[in-house]
Amino acid sequence: MFPDLRTFMDRLRADSDLITVTAPVDAHLEAAEIHRRVIAAGGPALLFTNVKGRGYPLVTNLFGTEKRATLAFGEHPMRLIRRLVDLAQTIMPPDAAKLWGARDVAGSLLKVGLKRQSLGPVTEVVTRDPRLDRLPALTCWPDDGGPFVTLPLVYTEHPGGHGHNLAMYRLHVHDAQSTGMHWQIGKGGGFHYQLAEAKNQALPVTVFLGGPPALILSAIAPLPENVPELMLASLIAGERLARVPGPYRHPHPLVANAEFALMGEVRPNERQPEGPFGDHYGYYSLRHDYPVFRVHTLAHRRDAIYPATVVGKPRQEDFFIGDLLQELLSPLFPLVMPAVEQLWSYGETGYHSLAAAVVKQRYPREAMASAFRILGEGQLSLQKFLLLTDKHVDVKDFRATLEHVLARTDPRTDLYVFGHLSMDTLDYAGPAVNKGSKGVWMGLGDPIRELPRVFRPPVPPPPDVTDVRVFCGGCLVVGARPFAEDRDAAARLAAHPAFEGWPLLVISDEPERATRSAVNFLWTTFTRFEPAADIHAAKVTLERNHVVFTPPVAIDARMKPWYPAEVSCDPQTAELVTSRWREYFPYGKVAMGDAERGHLD
């Protein structure tokens with residue numbers, strides 16, 4: 001495994017999978033667009049050594065392919081977790097033979113933990129004048145509120161001494177000594193701050209940049225609240241994580257091999273506007289008040305390298321890390337939730353918008369108990385929509401999973417909508433920030449219908465339908481006028497006889513784009529609807545206080561007037577990057593991808 005960022009970069013360089021850009025590049029918009037075009041073409045990691053007006057080199061796209069993500073985090077943690085799960089299921093009752101057979105696990109676990117040392121590279125330079133404006137923090141999109149630190153590993157400790165939290169929360173750089181602290185709902189660092197603020201105390205915070213790749217993965221992992229992320233980082237790395245004392249009596253030890261450590265505090269009752277920011281849903285998250293991180297000390301390596309990423313429409317770099325995390329943690333799901341056999345969240349929807357699961361059903365409707373279990377588990381509690389079945393299907397294959405559910409579902413009894421609940425902070429489909437609803441759609445047992453695959457309507461569609469396209473068996477994407485012009489189109493179209501026999505309609509502004517690929521369908525559908533407001537049917541009635549949806553079910557996935565704008569590069573930056581491509585890559589080894597379409601098609 002790789003003990004720090006630069007040993008990983010050395011390996012990428014040896015594999016011809018890292019390119020150095022020596023041409024002057026601006027951290028304002030230009031670097032991000034270069035990154036997006038490279039990742040769209042499946043290209044290499046990028047080291048920018050001449051970032052205009054900044055004091056450090058910039059590295060991006062470190063994990064932007066499946067190959068690099070797997071290389072960074074290795075196969076060791078996957079093997080160890082599978083072995084631990086197998087052991088948990090077989091070692092009881094223990095006997096001498098079983099314990100002897102588990103000696104390999106004991107050896108691995110002895111390497112997991114933390115170790116203290118007096119000095120480390122991260123403290124080669126320490127200053128009380130942080131000068132955050134010298135960091136090559138990126139402004140990624142034209143309507144972003146300013147530069148953002150996009151790969152921060154934010155470390156906090158419980159004010160009562162009950163463990164720590166390491167997670168990734170974007171930091172809007174306000175000035176040379178302060179940033180925003182984007183603690184969304186349901187986040188461990190935010191819980192620590194809430195406790196400190198209740199006591200009118202400042203919360204000490206340390207932000208690491210770089211370090212072992214395992215540290216980055218553990219910061220993103222959706223672990224239960226009290227599971228220590230540093231232990232996961234050690235497990236992934238296969239060695240104890242080295243830490244050094246914080247300078248100037250800062251209460252947190254520092255990760256010895258990090259590139260940077262920003263030390264400071266978040267004071268009680270202090271808020272400042274943060275954003276907008278083009279986020280991983282593919283839209284802007286808007287300007288809201290968030291706590292302020294005041295940095296009093298900066299420590300870094302003498303030759304520190306600043307790591308960053310760029311998020312936006314799928315699939316970006318975070319997608320490859322997120323899917324790898326799911327693969328890593330998936331063996332644990334049946335251990336934590338015994339009736340759950342498979343579980344997958346779709347990164348193309350921002351992860352929190354849609355998940356699918358295969359569960360056991362040993363008695364009628366037991367599947368719903370598993371739905372509640374999933375929606376009550378840590379970060380999964382923010383899932384907006386869940387597809388559920390009790391028969392085998394590869395849930396990573398969305399098209400196959402949707403067909404599997406549609407062939408088995410009776411929406412009158414199998415579709416549930418729960419209103420007045422919390423929703424992911426970055427999802428603006430609900431009535432207000434953090435507020436919305438959830439849906440569960442089950443398709444259980446054997447198929448009850450043959451899915452239609454060709455649209456042959458018994459009567460012509462209504463004249464206001466702009467287009468009709470088949471996405472998969474049982475699912476039509478129907479073009480309609482904009483929501484602002486015709487709010488009731490979804491309910492009206494669901495009841496129209498032209499669509500009889502199709503279990504699912506998706507009402508869209510852009511049906512051609514939505515059906516171009518599964519990635520496009522996922523993104524244009526599930527990031528643009530809220531279950532309680534946007535699920536309609538041919539007939540909707542109430543029976544025994546259950547809402548009965550008589551098919552076809554229609555999801556209104558049109559853009560609503562209050563939705564934030566889709567992120568897109570501005571024409572001036574796009575033209576600049578196109579014109580300078582040969583300056584960035586004079587040897588012609590890097591293809592220029594289509595950043596607007598990315599991996600959507």
Side-chain angles (χ1 to χ4, degrees), residues 27-29 32 54 127-157 159 165-209 219 250 252 260-281 283-298 306 308-309 311 422 424-428 432-435 564-565 567:
H28 180 78
L29 300 178
R54 308 304 168 96
T127 175
R128 301 303 292 267
D129 181 20
R131 290 300 307 275
L132 302 182
D133 54 333
R134 296 287 292 162
L135 298 176
L138 298 179
T139 302
C140 299
W141 299 101
D143 290 335
D144 280 359
F148 284 79
V149 180
T150 54
L151 271 181
L153 311 177
V154 180
Y155 179 86
T156 58
E157 294 181 352
N165 177 257
L166 181 77
M168 194 171 290
Y169 313 111
R170 73 186 192 221
L171 305 178
H172 184 171
V173 180
H174 293 321
D175 53 44
Q177 294 185 325
S178 70
T179 77
M181 182 59 72
H182 195 261
W183 277 322
Q184 302 162 230
I185 61 169
K187 306 299 183 181
F191 292 147
H192 290 173
Y193 177 62
Q194 187 179 40
L195 291 168
E197 191 172 48
K199 299 177 180 179
N200 201 34
Q201 297 174 355
L203 181 71
V205 174
T206 305
V207 174
F208 302 109
L209 300 172
H250 184 66
H252 300 158
F260 295 86
L262 285 60
M263 292 158 274
E265 64 183 16
V266 179
R267 298 170 184 168
N269 306 308
E270 183 179 18
R271 303 290 190 275
Q272 191 168 322
E274 189 268 6
F277 177 72
D279 67 42
H280 69 281
Y281 276 77
Y283 311 92
Y284 286 98
S285 57
L286 301 180
R287 190 173 176 88
H288 303 285
D289 287 346
Y290 275 92
V292 178
F293 174 40
R294 297 202 171 274
V295 183
H296 55 59
T297 305
L298 173 66
Y306 176 91
T309 191
V311 294
S422 59
D424 185 33
T425 301
L426 303 180
D427 190 334
Y428 284 85
V433 174
N434 297 328
K435 295 180 180 180
V567 294

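Counting begins at 1 with the first residue of the sequence.
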What class does the angle between the rings of H172 and H174 fall in, given that below 30° is parallel, 30 to 60° is tilted and above 60° is perpendicular? tilted
Check for a donor-acceptor pair, side chain of R271 on one end and backbone N or O of Y290 on the other, with a separation under 3.5 Å. no
Check the side chains of T206 and H250 for a donor-acceptor pair under 3.5 angstrom, ignoring hydrogens and angles. yes
Student check: side-chain heavy atoms of L426 and H280 closer than 4.5 Å: yes
Identify the residue among D133, L135, T139, L138 that makes a side chain to side chain contact (heavy atoms under 4.5 Å, CB included) with P147. T139
Over 60° means perpendicular and under 30° means parallel, so classify the ring planes of Y306 and F260, tilted if in between. perpendicular
Using ring centroids (six-membered ring only for Trp), state whether Y193 and W183 fall under 6.0 Å. yes
Using modelled atom types only, decide if a donor and an acceptor are shared between the side chain of Y428 and the backbone of L286 within a distance under 3.5 Å. yes
State whether the side chain of T150 and the backbone N or O of A308 hold a donor-acceptor pair below 3.5 Å, judged by distance alone. no
Just one of F293, Y169, Y155 clears the side chain to side chain contact (heavy atoms under 4.5 Å, CB included) bar with V207, so which one? F293
Could you measure the distance from the CE atom of M263 to the NE2 atom of H296? Nearest 0.5 Å is fine. 7.5 Å
Quick check on the 6.0 Å ring-centre criterion: do F148 and F277 meet it? yes
Is the closest side-chain heavy-atom distance between E274 and R170 below 4.5 Å? yes
Sidechain-backbone polar pair: D144 side chain, G278 backbone, donor-acceptor under 3.5 Å: yes
Donor-acceptor under 3.5 Å (W141 side chain, Y283 main chain): no
Nearest-0.5 Å distance that lies between atom OG1 in T309 and atom CG in L151: 5.0 Å
